[in-house]
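Only a predicted model underlies this, so the values are computations on that prediction, with no experimental measurement involved. By convention here, the first residue in the shown sequence is residue 1.
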Amino acid sequence: MKRHLISAADLTRDDAVLILDTAEEMARVADRPIKKLPTLRGRTICNLFFEDSTRTRISFEAAEKRLSADVINFAAKGSSVSKGESLKDTAQTLEAMGVDAVVIRHGASGAPYRLANSGWIDAPVINAGDGTHQHPTQALLDAFTMRRRLVGRDAGLGKDLAGRRITIVGDVLHSRVARSNVDLLHTLGAEVTLVAPPTLVPVGVETWPCEVSYSLDEVLPKSDAVMMLRVQRERMNAAFFPTEREYSRRYGLDAARMARMPEHAIVMHPGPMVRGMEITAEVADSDRCTVVEQVANGVSVRMAVLYLLLGGSEPAVTAPSRTEETK
């Protein structure tokens, strides 16, 4: 793998499958009474969050602690950033403290790339979401969840998602999750279709490796997985659709629409969900919805990414277990 994880487009098929297979090994750790590996003992990882986050920040912190890393949590609110400190000065402060890796979420697209390639800090950089650009670990955990559900936990090892049809519905324009998933799922061989109102489809989408549809009802019967996206009002500066009721009627997933999906198909959502808007409570609480499963899988996937970037290329679980036995 490369030294940094900035974009899902940077991953080759072999890179992605290696991460998914390693995550499968990491998931076994969650079934143990003591959910810890000594793999990153003595390493210091900083979670540098300039935007609000619940799932991603806690997921990364849980992954780091399960690998025995020392964790520093940085939030822009209450820090010198609120006094006007630049990203460069923050990065150089972390470098002076000897941080071994940085997980960064930033409101500006391209901030993680700048941090990784500026020379301000000599440590691997993992993008935890930058503006409307990329969120690679979210795409990886989504692919991990799909592979487990559609191929099988053990049967999926070493395999990709070739031939699977994935539909992504909603606010594609402002979604870094959609961009990352299109890149990664295409790399893994899946066929991706974006469904959104014309006003929420990005300019230049015709160059993306996917299809575009404006009718949710047409694509549901042939979808193996349907991913619903939240409407990101905090990034909107105009009216992109008439009313919430109109949007929900055209692009929301309810029980009637879910019934048109194939029996094996699953419903996904990166969170946070707005119940009654893009997804009804009945669908969100159904057995076919993988939202809670995605959160659990996120810890395993982020453990795998941290291990591969910082730990090495030996088997993830078997190598540490031998170390434990010699104690």
Side-chain angles (χ1 to χ4, degrees), residues 1-5 11 15-49 53-75 94 97-105 121 123-129 135-145 147-148 153-154 156-158 270-271 290-327:
M1 284 182 60
K2 295 183 179 179
R3 192 176 185 218
H4 309 286
L5 180 58
L11 297 170
D15 288 338
V17 171
L18 174 62
I19 294 171
L20 299 185
D21 288 350
T22 306
E24 202 64 73
E25 292 186 55
M26 294 298 183
R28 294 176 196 151
V29 177
D31 299 329
R32 296 179 178 180
I34 299 175
K35 302 175 175 61
K36 274 223 172 192
L37 295 172
T39 315
L40 298 184
R41 185 180 292 155
R43 301 293 190 95
T44 302
I45 301 173
C46 181
N47 297 322
L48 198 61
F49 277 66
S53 172
T54 300
R55 288 159 196 77
T56 304
R57 180 176 55 80
I58 293 174
S59 180
F60 265 110
E61 187 175 349
E64 291 150 7
K65 288 182 175 178
R66 286 187 186 178
L67 292 171
S68 302
D70 298 318
V71 180
I72 300 173
N73 285 315
F74 172 99
L94 296 175
M97 292 178 180
V99 168
D100 295 298
V102 175
V103 176
I104 179 172
R105 166 169 287 193
I121 189 167
V125 174
I126 300 171
N127 183 3
H135 194 351
T137 57
Q138 179 69 45
L140 284 162
L141 75 89
D142 290 338
F144 183 77
T145 305
R147 194 176 77 165
R148 269 193 158 190
R153 182 168 181 165
D154 295 321
L157 288 173
T290 65
V291 173
V292 177
E293 196 178 320
Q294 286 169 261
V295 175
N297 291 341
V299 177
S300 301
V301 165
R302 286 165 180 137
M303 284 175 73
V305 169
L306 289 163
Y307 169 78
L308 291 167
L309 288 179
L310 288 170
S313 56
E314 296 91 5
V317 175
T318 53
S321 65
R322 283 199 298 271
T323 308
E324 288 174 337
E325 287 170 8
T326 58
K327 287 182 182 176

Which heavy atom of [X] sits nearest to which heavy atom of [Y], and what is that distance?
X: N127; Y: T137; result: O-OG1, 4.5 Å
X: I19; Y: L308; result: CG1-CD1, 3.8 Å
X: S68; Y: K36; result: OG-CD, 4.0 Å
X: A304; Y: A23; result: CB-N, 3.5 Å
X: A30; Y: R66; result: CB-NH1, 3.9 Å
X: G156; Y: D21; result: O-OD1, 4.4 Å

Quick one: [atom1] on [X] to [atom2] on [Y], what's the gap to the nearest 0.5 Å?
X: L67; Y: I45; atom1: CG; atom2: CD1; value: 7.5 Å
X: N47; Y: I58; atom1: CG; atom2: CD1; value: 11.0 Å
X: L141; Y: Q294; atom1: CG; atom2: CD; value: 6.5 Å
X: L11; Y: L18; atom1: CG; atom2: CG; value: 10.0 Å
X: S300; Y: R28; atom1: OG; atom2: CZ; value: 11.0 Å
X: S53; Y: F60; atom1: OG; atom2: CZ; value: 9.5 Å

Examine distances only and state if a side-chain atom of R302 and a backbone atom of A63 form a donor-acceptor pair shorter than 3.5 Å.
no

Please check: side-chain N/O of H4 versus main-chain N/O of P124, any donor-acceptor pairing under 3.5 Å?
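No.
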
Could you walk me through whether D142 and R147 pass the salt bridge (Lys or Arg N to Asp or Glu O under 4.0 Å) check?
CA-CA 9 Å; D142 290 338; R147 194 176 77 165; over 6 Å; no

Less than 4.0 Å between a side-chain N and a carboxylate O, is that true for D31 and R153?
yes

Side-chain ion pair, K65 and D70, N-O less than 4.0 Å:
no

I want to check a possible cation-pi pair here: R105 against F49, using under 6.0 Å from ring centre and within 45° of the ring axis as the test.
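No - R105 does not lie over the ring of F49 by the 6.0 Å and 45° rule.
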
Apply side-chain contact (heavy atoms from CB on, under 4.5 Å) to residues L48 and I72 and explain how you reach the verdict.
CA-CA 8 Å; L48 198 61; I72 300 173; over 6 Å; no

Chi angles and distances behind the salt bridge (Lys or Arg N to Asp or Glu O under 4.0 Å) call for R43, E64
CA-CA 10 Å; R43 301 293 190 95; E64 291 150 7; over 6 Å; no

Quick one: do R3 and V125 satisfy side-chain contact (heavy atoms from CB on, under 4.5 Å)? Show the steps, please.
CA-CA 8 Å; R3 192 176 185 218; V125 174; over 6 Å; no

Looking at side-chain heavy atoms only, is the closest gap between [X] and [Y] below 4.5 Å?
X: V102; Y: I121; result: yes
X: I126; Y: L309; result: yes
X: Q138; Y: R55; result: no

Distance-only polar pair, side chains of N73 and E61, donor-acceptor under 3.5 Å:
yes

Using the side-chain contact (heavy atoms from CB on, under 4.5 Å) rule, take L5 and L140 through it: C-alpha gap first, then chi angles, then the decisive distance, then the call.
CA-CA 11 Å; L5 180 58; L140 284 162; 4.1 Å; yes

If you draw a 6.0 Å radius around NZ in K2, do more than 12 non-hydrogen atoms from other residues or ligands fall strictly inside?
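Check fails, neighbour count at 12 or below.
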
